[in-house]
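Worth saying up front: this structure is predicted, and the values here are computed from it rather than measured. Numbering of ligands and ligand atoms starts at 1, following listing order.
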Amino acid sequence: MSATNYDLKKILEHWDNEAKNFQWHRSHQTTLEGDFTGDVKIKWFKEAQTNITLNAVDRHAKTTPQKTAIIFEANHPDTPAQEISYLELSTAVNRMASVYKNLGIKKGDVICFYMGMTPELVIGVLAAARIGAIHSVVFGGFSAQSLAGRIEDSGAVCLVTNDGAYRGEKIINLKDICDEALKNCPTIQNVIVHTHTKNAHQMLSGRDHYLHELLKNSDPQFPFEIMNAEDPLFILYTSGSTGKPKGLLHTTAGYMVHAAYSFREVFDFKENDIFWCTADLGWITGHTYTTYGPLLNGGTTLIFEGIPTFPNGERFWQVIEKHKVTHFYTAPTAIRSLEALGDELPQKYKMGSLKVLGSVGEPINEEAWEWFHLNVGKGNCPIVDTWWQTETGGIMISTLANKTECVPSFATYPLQGITPILVDNTGDELKESVNEGNLCIKYPWPSMARSIWGDHERFIQTYFTTYKGCYFTGDGAKRDQLNRYRITGRVDDVINVSGHRFGTAEIEDAIDEHHDVVESAVIGYPHPIKGQGIYAFVICHHKRSDTEVLEKEIRDMVTKVIGPIAKPDLIQFVDALPKTRSGKIMRRILRKIGENELGSLGDTSTLLDPDVVNRIIKGKKN
Ligand code: WT7
């Protein structure tokens, strides 16, 4: 049978069964409505009603009130860890929910979070879900301008932040960044400030409130809002190949079902396990596998405020030993950067508690895989290489721990209920094993994004028009003779830097804001630690001799517009870019130059000025 002979009836049966694991206020009759044609209005479990906090918090607070829900490991190793039981979590979430209500926030309002990784962020997000407000978490490494853009696009009415966040040796003055952003955000009526770092900051009377003040008048028992299956749960912004970052919209029931199911299945998670996913809540991984997945399964999740290299490169291993972590889920970039510090570091710690390791966010190279397997898992732990996206809401293709075989750098098989196919550039399905195809998904799955916030047309255009009738992921993949998938990377103008996703156009727009810049082109190039580095080719109005200063100014501009995580690694000043006669930049050629594959530049005869390529190669930066 072909790898992609999917049986929709069986798939729906599977999801029906999974839905039985939850408490519903009302059950569903229709499992799935809608498909990937026309206006792509997908509905899962349409008639069902519930609240995700009933399933992630309340039911465990009843059955296992004393069990630890959250372990909080702070930035500084000397700060005592905090353990929050399900009962305590429940009280905290209820109190926070009542705080929102007291401020007049209601179902359907958007609450934006710009915080460090502390329990208050997790509690704040769950409390938003409890009252039916839509959470929109913005990673604390984005700039004021990026934050403002996301607030403006979402129409958020409330912003929750910290005075500051610890990041290794540094304190990031989050409240100051919020104040800067809020100069242009008239929709925000209230700012809730959780004091954490105690750094100096301003408070605007009437708008800004201290969380500890608000909590004085809060209710430890606050009823949840009854949510319809397709009521929005959260928005999460991510970059695409064109335009501004898009707010992917996820809804209640389907997201809940797949988050819980994929967590349990992929990680083979058992009752007393301790799960540590290192992702910040600013990313989808932090939503699904730091927060909802473990809590929906009544598990214990560890949240970590710090960075892998503070106070030194042993921190991860020390935390695993200290908390007897059983499941450790992180990104290849982190693995490669810790590998570079030497094999001795993990060997200093007792990590026998570990049972399963996971990798996410970017392709993992075989060397990093082997190092992770031997030095962290001591050769005993399966590594699940989990492929998914902000859009998919949960893991789509992955090894299942202790069930299916791990193959270095292969995500291997789709989860039950998930229907990947590979198509060629004309959209024809490739049925056999292939070395390269465009990865699409054939049928809807419960946790898929339902729309782009405020722009459903863009949702349809971006994901469902490239290959008619299916969802296009933007990734390329190979499928071997055993039908195992290996993700090869993006085939569009999206780059993946340390597991963070950027559109090349978005970085170019930021660079072009520098007054000396005429035009720029950005590509990703292979980077030993980050997976991809950012290479910018820049044309300026006139030659400046202080190129180092100019480079710094350009990096500062990107930091200001997007955030420090999008700063170019390499900047090359050029007099022209390889353009076609119709004025399109041929990025393919720049990518080859970045990859040092000068022998396979391909056809350059359609270029307006073919010699540009030689001049660029002469000044190459890597
Ligand atoms: C893109 C999605 C998945 C949540 C975190 C990132 C790449 C993700 C893998 C993997 C190879 C991977 C893809 C995808 N990616 N996981 N296991 N192997 N590539 O979510 O920011 O939405 O990025 O990350 O290119 O399209 P995201």
Pairing residues for Y6 by the ring pair (Phe, Tyr, Trp, His ring centres under 6.0 Å) criterion, not counting sequence neighbours: none
Ligand 1: protein residues within heavy-atom distance under 4.0 Å: I284, T285, V360, G361, E362, P363, D385, T386, W387, W388, Q389, T390, D475, I487, R490, N496, R501
CE-OG distance between M256 and S447, expressed to the nearest 0.5 angstrom: 12.5 Å
Qualifying residues under side chain to side chain contact (heavy atoms under 4.5 Å, CB included), relative to E436, sequence neighbours excluded: T488
Sub-6.0 Å ring centroid separation between Y463 and F36: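 Not under 6.0 Å, so no.
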All pairs passing ring pair (Phe, Tyr, Trp, His ring centres under 6.0 Å) where residues 373-412 contributes a residue, at least two apart: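 Every ring pair (Phe, Tyr, Trp, His ring centres under 6.0 Å) pair that includes a residue of residues 373-412, provided the two are not neighbours, is Y289-W388, W369-H373.
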Side-chain heavy-atom pair E391, Y471 within 4.5 angstrom cut-off: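 Touching, per the 4.5 Å side-chain cut-off.
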